[in-house]
Number of protein chains: 2
Amino acid sequence: MTRALTHVEAVRSARVFAALSDPIRLRLYTLIAASDDEVCACSFVAAIGRSQPTVSHHLKILRDSGLVTGTKRGTWVWYRANPDIATEVTQLLPARISA
Amino acid sequence: MTRALTHVEAVRSARVFAALSDPIRLRLYTLIAASDDEVCACSFVAAIGRSQPTVSHHLKILRDSGLVTGTKRGTWVWYRANPDIATEVTQLLPARISA
DNA sequence: TTGACATATCGATGGATATCAATATATACT
DNA sequence: AGTATATATTGATATCCATCGATATGTCAA
């Protein structure tokens, strides 16, 4: 059930939608979320086709939104999706037709 | 089930998330979607607290994304949410925990 | 036709953002 | 120490975007 949001609520949730509002970030996010496991950041530049600083910039925005977390282990950073944040904003939208 | 998107898919879906990425638009959208019926645009300026051109600008972005439709009847325009578009992008995100 | 009102469009402006080259930082290996 | 690799940060630039005043368009009523 969708309900109208206060401005404070809207500012918070809009940040999550903003993280998903760029095609590069949406590809990064779905790439990470499609795996139930961790994904190595080292694969993203080749997979996405943008420079390393650009990919790093987008990953930071995804991290700041809470949609993903990154864990550094040795040289590499491993990314994992946080479904709670996605669920949070999904519930603001009209419910999908029940399967 | 989330899956990685192609760039073309990502560009299309990112546009919908971009429509939801501004607090004013998110409030407008949830205001419209919270009603199962039509909502008169004439109420938005007072409800949202932005100038009439600004509200009109945001409504255009919501219309262009497909999230809402507007129907002019006489002097007023009546808005209605289109849940299909919301469902479409919701399904790109990790599934919410089943109730 | 004139006036009042609802909505859209135009034009300008300040601020945010996507991008990359260059550089910094951190880790691993020899 | 020295080299190589992964990731982050900095700095610069071009583009996009939110906002509002002014104006246009369309509708209704008198």
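Within every chain, numbering begins at 1; the chains are lettered A, B, ... in the order of the sequence lines, protein sequences first and strands thereafter. Heavy-atom basis, side chains included; hydrogens, waters and symmetry copies ignored.
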Any donor-acceptor N/O pair, [X] side chain to [Y] backbone, under 3.5 Å:
| X | Y | value |
| --- | --- | --- |
| A:Ser35 | A:Ile32 | no |
| A:Arg3 | B:Ala33 | no |
| B:Thr30 | A:Leu5 | yes |
| B:Gln91 | B:Glu88 | no |

Side-chain donor-acceptor distances from residues 62-74 of chain A under 3.5 Å, at least two apart:
residue: A:Arg63; atom: NH1; partner: A:Tyr79; partner atom: OH; Å: 2.6
residue: A:Ser65; atom: OG; partner: A:Leu62; partner atom: O; Å: 2.7
residue: A:Ser65; atom: OG; partner: A:Leu67; partner atom: N; Å: 3.2
residue: A:Arg73; atom: NH2; partner: A:Glu38; partner atom: OE1; Å: 2.6

Might you work through the side-chain contact (heavy atoms from CB on, under 4.5 Å) test for B:Tyr29 and B:Ile24, ending with a clear yes or no? CA-CA 9 Å; B:Tyr29 177 68; B:Ile24 300 297; over 6 Å; no
The side chain to side chain contact (heavy atoms under 4.5 Å, CB included) partners of A:Arg15 (sequence neighbours excluded) come to A:Val11
I'd like to check the side chain to side chain contact (heavy atoms under 4.5 Å, CB included) partners of B:Ser56; sequence neighbours left out, ordered by chain and number. B:Gln52
For DNA chain D, what residues of residues 47-69 of chain B have any heavy atom nearer than 4.0 Å? B:Arg50, B:Ser51, B:Pro53, B:Thr54, B:His57, B:His58, B:Ile61
Proximity to DNA chain D (any heavy atom under 4.0 Å), residues of residues 10-46 of chain B only: B:Asp22, B:Ile24, B:Arg25
Between B:Trp76 and A:Trp76, whichever has its closest DNA chain C nucleotide further toward 5' is B:Trp76
Quick one, A:Phe44 and A:Leu31 - any side-chain contact, counting heavy atoms below 4.5 Å? yes
Are the side chains of B:Arg50 and B:Arg27 in touch, meaning some heavy atoms are under 4.5 Å apart? no
With sugar-phosphate taken as primed atoms, P, OP1 and OP2 and all else as base, the protein-contact string of nucleotides 25-30 of chain D at under 4.0 Å (heavy atoms; B, S, -) is -SSS--
